[in-house]
Each structure stands twice: as structure tokens, then as C-alpha cells.
Amino acid sequence: MKTELKTILTEAIHSAFQTGELSACDIPDIEVEVPRQFEHGDFSTNIAMVLASRLRTKPRSLADIIVRHLNDPAGIIEKTTIAGPGFINFHLHAHTWIRLIQHIHEKAGAYGACNIGNGKRIQIEFVSSNPTGPLHVGHGRGAAVGDSVANILSYCGYDVQKEYYINDSGRQIQTLGRSVFLRYQELLGETVFFPEDCYQGEYIRDIALKIQPEKGDSLLDENDEHAITFCARYAAAIILEGMKQDLIQFGVTFDNWFSEQSLYDSGEVDTAIDRFRQRGIIYEKEGALWFNTTAHGDEKDRVVVRQNRQTTYFASDIAYHYNKFNRGFETVIDVWGADHHGYIPRIAAAIESDGHRRDQFQVILVQLVNLLRGGVQVAMSTRAGEFVTLKDVMDEVGTDAARFIFLTRHYDSPLDFDLDLARKKSNENPVYYVQYVHARICSMFRKAADIGIQDVSWDDGALKVLNTPEDIQIIRHIARYPEIVQMSATHLEPHRITYFLMELAAAFHAYYNKQRVITEDVVETRMRLILMWAIRQVIRNGLALLGVSAPESM
RNA sequence: GCGCCUGUAGCUCAGAUGGAUAGAGCAACGGACUUCUAAUCCGUAGGUCGGGGGUUCGAAUCCCUCCAGGCGUGCCA
């Protein structure tokens with residue numbers, strides 16, 4: 001609709017150029033938007049005001065000229081007015097709106113999809129939790145955001161790959177091995193000192209318990225280093241498997257699981273270091289190897305290889321991101337916890353040093369989640385092993401509620417996750433509020449089938465029935481959906497869809513209370529059902545992008 | 001100290017990438033079920049968009065500055 005109006009406007013301006021009523025100039029991007037006020041019409045444009053400053057004339061008289069040159073061959077506009085400082089407001093014919101329903105019927109599951117991605121290959125890496133403990137709610141938010149962004153991007157024509165980066169190398173894994181080994185020794189009756197920097201959680205004991213029947217007490221005879229390495233691998237595998245199961249329950253699957261260790265095994269870390277070293281980007285100082293990240297705006301250079309010859313995580317991250325781009329992705333998105341934001345400049349520096357543009361690397365920083373129960377914050381401490389896991393939350397409130405609530409905030413804003421609210425089956429719970437729309441419409445269709453109405457495909461008769469103010473209002477609402485999807489794709493912001501759905505749900509429930517759908521008038525009923533069908537489709541499409549189910553009944 | 005993020009109704013948050021009279025949910029108050037699912041709806045009340053400057057026809061939105069909060073600032077992960 002907007003594009004049609006833009007075309008009409010562009011032609012009108014050109015036409016005015018030709019008659020000399022406007023002196024020719026470059027036409028800026030024409031903005032057409034939905035006004036806040038209903039009286040301001042269905043769409044409005046500020047083009048006259050923008051042009052006025054260029055042509056140094058009065059916006060209102062300019063608007064007047066443009067309006068006189070408007071040509072609307074398809075007859076979509078009912079009337080055009082000039083208002084305020086120079087807005088041109090368009091009021092569309094009811095049938096223009098109702099025709100949109102036909103469009104939705106044709107597009108169905110693809111209504112809202114677009115091709116702004118044009119097949120561009122894009123990778124999104126998320127969760128990527130170290131396999132040293134179960135996923136907690138914070139990871140859940142990252143998973144919900146990452147998965148939904150991936151859905152949205154592929155819906156908008158991008159070729160998306162979802163990847164999980166497994167930090168299965170380095171000190172944390174060593175610590176994991178040590179923790180498990182200590183618990184294992186403890187289990188076999190040895191008195192051990194369990195240090196504070198080891199993983200305190202009960203799950204460490206559970207893993208040790210699994211090793212015992214397999215290995216007996218034989219690990220005690222091996223040297224500690226071997227035993228710890230064994231425990232580390234064993235534990236990481238179990239934990240990783242658990243995370244995969246949790247993610248499956250959460251409805252998140254990955255296209256690829258990428259191991260950090262593999263970067264060392266394949267020599268890619270060394271290769272990356274050598275390559276940058278040859279180019280002088282990595283240099284030696286005080287016995288360590290440094291990456292010249294300040295050249296790309298970082299505060300200070302960062303160490304890649306320490307004095308003791310051990311590599312830092314930055315080293316493997318350089319190799320990892322190099323590897324990503326080598327796989328042909330045009331854009332790479334990382335989803336991180338907001339506490340890692342200090343890491344962006346150095347990764348960006350590494351990527352730029354490889355000859356990629358800064359905008360080919362995007363980071364979504366997800367703020368933390370506060371769990372609330374009874375209005376009180378649930379204490380969480382990873383260190384002490386006291387945390388509520390993602391699985392706990394899913395089991396308690398369900399995956400739909402969890403996913404939806406994780407997406408009810410901009411990722412940049414901390415999220416209060418109210419467990420009591422999430423479990424509640426009432427209008428206070430936004431998940432049910434939206435899902436209820438779908439269930440209600442499904443119920444109508446069951447009712448309609450009972451009285452013999454089966455076929456609800458588009459019919460031109462709808463043009464005569466769906467023209468009440470209530471109908472037009474809700475059609476205007478669903479008309480905005482494709483733009484919302486596009487915006488959330490370009491901004492990587494799934495919450496826009498969440499909000500859209502909540503608003504659409506409100507509009508539907510209001511409609512439902514005001515306008516009866518199933519009546520004795522079979523023809524009218526069928527026409528109204530055509531609209532209901534479209535609304536249900538939009539709800540379904542939106543929920544799908546969020547990874548939330550659309551139940552037939554509740 | 002420096003950097004990033006945040007500051008909008010009593011509370012939790014949206015705000016179309018500069019538009020017209022700033023919105024929603026919760027909480028408060030008053031209403032609506034012999035009705036396609038009341039898991040719903042309608043109404044009332046609530047604001048110095050943290051403060052102050054600037055940019056322009058026009059600012060919650062962009063720039064500067066100050067204040068408050070969060071996070072970061074390792075040869076940690």
C-alpha cells in the first residue's frame with residue numbers, strides 16, 4: 001500500500017516538474033507513514049515539508065501543487081487532504097483495505113515474508129554456553145532471541161545458518177575436569193579439599209557417579225593429569241548432550257555445532273597467528289604476542305599468546321571468526337551476554353584486519369534476566385551452583401510461555417521474568433492473550449462447520465460486508481504486519497513482532513466483543529469468516545517467527 | 001578515570017529509525033457474561049519523556065553537557 005502511494009507521489013512530482021509548477025530537483029526518499037491520529041487518514045507523507053526546505057517555498061502551497069497532480073488510476077484513494085504544517089493525508093477507500101484480505105488469503109503462510117535478504121548468506125551464532133554446567137535462564141533468553149532472529153531473517157530472504165560454538169578447550173574445561181575428578185575421589189572415600197574456584201553444583205557429583213560404574217576406581221591409579229583430562233572430556237560430553245536436549249525441548253535446533261578444540265587440532269589457530277604476524281598485526285612484546293587492535297579503535301592491544309606460551313581465548317576467537325568468513329558468510333552475527341560488550345572492539349578489529357567491513361559483523365548484546373517468584377528476585381549464583389536452569393523454567397511454565405516472555409522486551413533491556421505470571425492462565429499472561437486469539441478463531445470455524453459453512457476462501461462478496469469501521473480498523477492493523485517483520489529483520493529485533501501480536505490480539509478481542517461473526521445470515525457469516533481466517537493466519541505467522549505454538553483450542 | 005548501555009504514567013515497558021494532541025500492560029476506581037471460549041471487553045484517572053543547552057518548519061528520537069543506575073575496562077574465561 002505504501003509503495004503504491006510512493007509511486008503515485010513520485011509521478012505527481014514529476015508531472016509538476018513538467019508543467020513547471022515545481023522547479024526540478026532531486027526527489028528525496030519519500031516517506032509514507034501511518035499517522036497516529038485516526039482523523040489524519042490512513043497514510044500521510046511529509047514530502048511537501050522536505051521539498052519545501054530544498055525549494056525554499058511554503059510547504060502547504062507545495063503540498064497543494066502535488067495534490068493537484070496526483071493520478072490514481074487504480075482508484076485506491078478516497079480523498080486527499082492537506083493538514084498541519086504541510087502533511088498530505090490520504091484516506092483510502094474501504095475496498096482498498098478489504099482487498100488486502102484477498103491478498104492474505106493468497107499468501108497465507110507467506111504473508112509478511114519478503115526478499116530483502118536476496119539470498120545473502122548470514123550466520124548467527126548464539127547460546128554458545130561453555131559445557132561446564134547446565135543452561136540457565138540467561139542462556140534461554142539468548143536462545144529465544146537468536147532463534148527468533150534466525151527465523152525472521154530467513155523469512156526475509158536471507159540464507160541463514162544457526163551455529164553453536166562449543167568452548168571445549170582451555171582452562172574452564174580443565175577446571176570442570178578437576179571438579180569432577182575431585183568428586184569422584186570423594187565418592188571413593190578419599191578426603192579431598194574442594195576449592196572454591198571449582199564448580200560447586202550438584203550436577204558435578206552426578207557426573208562423577210556415572211564415571212564410577214564405568215571406570216571403577218581405576219582413575220585413581222592414573223596420573224592426575226590423565227584422569228582430569230578424562231573427566232573433563234567425559235563431563236563435557238554429558239553436559240553438552242544435556243544442553244542439546246534442553247534446547248530441543250525449547251524448540252531450538254542448530255545447523256552446526258562448532259568445536260573450539262577443532263580450531264587447535266586443525267592448526268587454524270596457529271595459522272591465523274602466523275598470518276597476522278607476517279603482516280605485523282601480531283607482534284611480540286615482553287615475551288607475549290599481541291594483536292594490534294588499537295589500529296581499529298580498541299582501547300589497548302590485546303594478548304594472543306601469553307608469556308607461558310598458552311593462547312588466550314582471543315586467539316581462538318580470531319581463528320573462529322576467520323573460519324566463519326571463510327565459509328562464505330557475508331554477515332556474521334554473534335549473540336552475547338551484555339557483560340561481554342567490552343569484547344566487541346577486539347573481535348571487530350580482528351575481522352577488519354582480515355579485510356572485512358565492520359558492518360559485516362554484528363553483535364546482539366542480550367541483557368540479563370531477573371527471575372521473580374512471588375514478586376521477589378530469585379537468588380542466583382553460578383559460582384555457588386545455585387541457579388535456576390532453563391529446564392526448570394520450561395518444566396514449570398511451559399516452553400511457549402518461556403519463549404514468548406523472553407521476547408517481550410528489547411534485548412537491550414533487562415528482563416524481569418515473573419514465574420507466577422508466566423504460569424498464570426489469564427489475560428495478564430501475554431502468551432495466552434495472543435494464543436487465545438488463535439484458539440477462539442479456530443473455535444468459530446468449528447462452530448461454522450456445524451452449521452454447514454466449510455468454504456471460507458476469498459469471495460468478492462466480502463467487499464460489501466467487511467466495510468464497517470470495526471472491520472476496516474482491524475484490517476488496517478494486519479496490513480502493517482509485513483512492515484513490522486521487515487523492521488525486526490533489519491534491526492534484528494524480534495520483540496517488535498511480539499508487541500505487534502499483543503496489539504493485534506487486543507484489536508481482535510475488542511472486535512470479537514463488538515461484532516458478531518456467526519449469525520443466521522449465512523452469507524454475511526461466511527464473509528466475516530474470511531476476515532477471521534486472515535487474522536488467524538497473521539497470528540499464526542507471527543507466532544511461528546517467535547517459535548511459539550498456535551493452539552487450536554485452549 | 002575511560003568506554004558501552006539504560007533513564008518515558010505509581011510499577012514493568014513500547015514508541016514506526018525526526019512528524020501532528022507521547023502509547024500499552026499491571027496496579028486503582030466504575031461497568032459488561034440467557035451470547036461465536038469472560039483465558040474477554042468498555043470506561044475513568046494517571047506525564048517537566050532524568051536536568052540544561054543546541055541543530056530545524058518540527059526532537060522522547062540527532063549533537064553537546066551535567067546527574068543517576070547497570071556493565072565493562074586481565075598475559076581471566
Mind checking if [X] touches a base, just sugar-phosphate, or nothing, with heavy atoms under 4.0 Å?
| X | result |
| --- | --- |
| A:A288 | base |
| A:A439 | base |
| A:R516 | base |
| A:S553 | base |
| A:E31 | nothing |
| A:A83 | base |
| A:H495 | sugar-phosphate |
| A:P430 | nothing |
| A:Y433 | sugar-phosphate |
| A:Q174 | nothing |
| A:Y432 | base |
| A:D450 | nothing |

Spacing of [X] atom [atom1] relative to [N] atom [atom2], expressed in whole Å:
| X | N | atom1 | atom2 | answer |
| --- | --- | --- | --- | --- |
| A:D418 | B:rG25 | CG | P | 18 Å |
| A:I30 | B:rA16 | CD1 | P | 21 Å |
| A:R496 | B:rU17 | CZ | P | 8 Å |
| A:D416 | B:rG70 | CG | P | 15 Å |
| A:F87 | B:rG18 | CZ | P | 14 Å |
| A:L176 | B:rC76 | CG | C1' | 17 Å |
| A:L365 | B:rC71 | CG | P | 15 Å |
| A:H477 | B:rA16 | NE2 | C1' | 12 Å |

Toward the 5' end of RNA chain B, which comes first, A:T312 or A:R480, by nearest nucleotide?
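First, find each residue's nearest nucleotide; the 5'-ward one identifies A:R480.
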Between A:I484 and A:T408, which is nearer to the 5' end of RNA chain B once each is assigned its nearest nucleotide?
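Going by which nucleotide is closer to the 5' end, it is A:T408.
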Stepwise salt bridge (charged side-chain N to carboxylate O under 4.0 Å, His left out) test for A:R403 and A:D400
CA-CA 5 Å; A:R403 286 193 71 140; A:D400 279 343; over 6 Å; no
Determine the interatomic distance between [atom1] on [N] and the same-named atom on [M]; round to the nearest Å.
| N | M | atom1 | value |
| --- | --- | --- | --- |
| B:rU8 | B:rA24 | C1' | 12 Å |
| B:rG47 | B:rA39 | C1' | 32 Å |
| B:rA22 | B:rG58 | C1' | 15 Å |
| B:rG3 | B:rG74 | P | 15 Å |
| B:rC36 | B:rG18 | C1' | 45 Å |
| B:rG50 | B:rA59 | P | 15 Å |
| B:rC67 | B:rG25 | C1' | 30 Å |
| B:rC42 | B:rC33 | C1' | 14 Å |

Do you see a donor-acceptor pair shorter than 3.5 Å between the side chains of [X] and [Y]?
| X | Y | answer |
| --- | --- | --- |
| A:D301 | A:Y283 | yes |
| A:T294 | A:N292 | yes |
| A:R358 | A:H296 | no |

Using a cut-off of under 3.5 Å, enumerate the N/O to N/O pairs linking the protein to nucleotides 72-74 of chain B.
unit_1, atom_1, unit_2, atom_2, d
B:rU73, O2', A:E299, OE1, 3.4

Using the side-chain heavy atoms of A:R306, tell me which of these nucleotides is nearest: B:rU17, B:rC76, B:rC41.
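Nucleotide nearest to A:R306's side chain: B:rC76.
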So if I take every side-chain heavy atom of A:Y313 and compare against B:rG19, B:rU6, B:rA77, which nucleotide ends up nearest?
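It is B:rA77.
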Tell me if the aromatic rings of A:H91 and A:F43 count as close, with their centers under 6.0 Å from one another.
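No, the ring centres sit 6.0 Å or more apart.
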Quick check on the 6.0 Å ring-centre criterion: do A:F291 and A:F276 meet it?
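Between A:F276 and A:F291, which both carry aromatic rings, the centre distance is below 6.0 Å.
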Side chains of [X] and [Y]: closer than 4.5 Å at any heavy-atom pair?
| X | Y | result |
| --- | --- | --- |
| A:E260 | A:S169 | yes |
| A:D471 | A:V465 | no |
| A:F508 | A:I441 | yes |

Between A:I82 and A:D64, does the side-chain contact (heavy atoms from CB on, under 4.5 Å) criterion hold? Intermediate values first, please.
CA-CA 7 Å; A:I82 298 166; A:D64 199 52; 3.9 Å; yes
Any idea how [X] and [Y] line up, ring-wise: parallel (<30°), tilted (30 to 60°), or perpendicular (>60°)?
| X | Y | value |
| --- | --- | --- |
| A:H340 | A:Y343 | perpendicular |
| A:F406 | A:F417 | tilted |
| A:H495 | A:Y499 | perpendicular |

Does A:Y499 stack onto the base of B:rA14, taking stacking as ring centres under 5.5 Å apart and planes under 30° apart?
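Here A:Y499 fails the 5.5 Å or the 30° condition.
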Who does [N] pair with, Watson-Crick or G-U, both distances under 3.5 Å?
| N | value |
| --- | --- |
| B:rG7 | B:rC67 |
| B:rC57 | B:rG19 |
| B:rG72 | B:rC2 |
| B:rA28 | B:rU44 |

Any residue of residues 32-45 of chain A with a heavy atom less than 4.0 Å from an atom of RNA chain B:
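Residues of residues 32-45 of chain A under 4.0 Å from RNA chain B: A:E33, A:R36, A:Q37, A:H40, A:S44.
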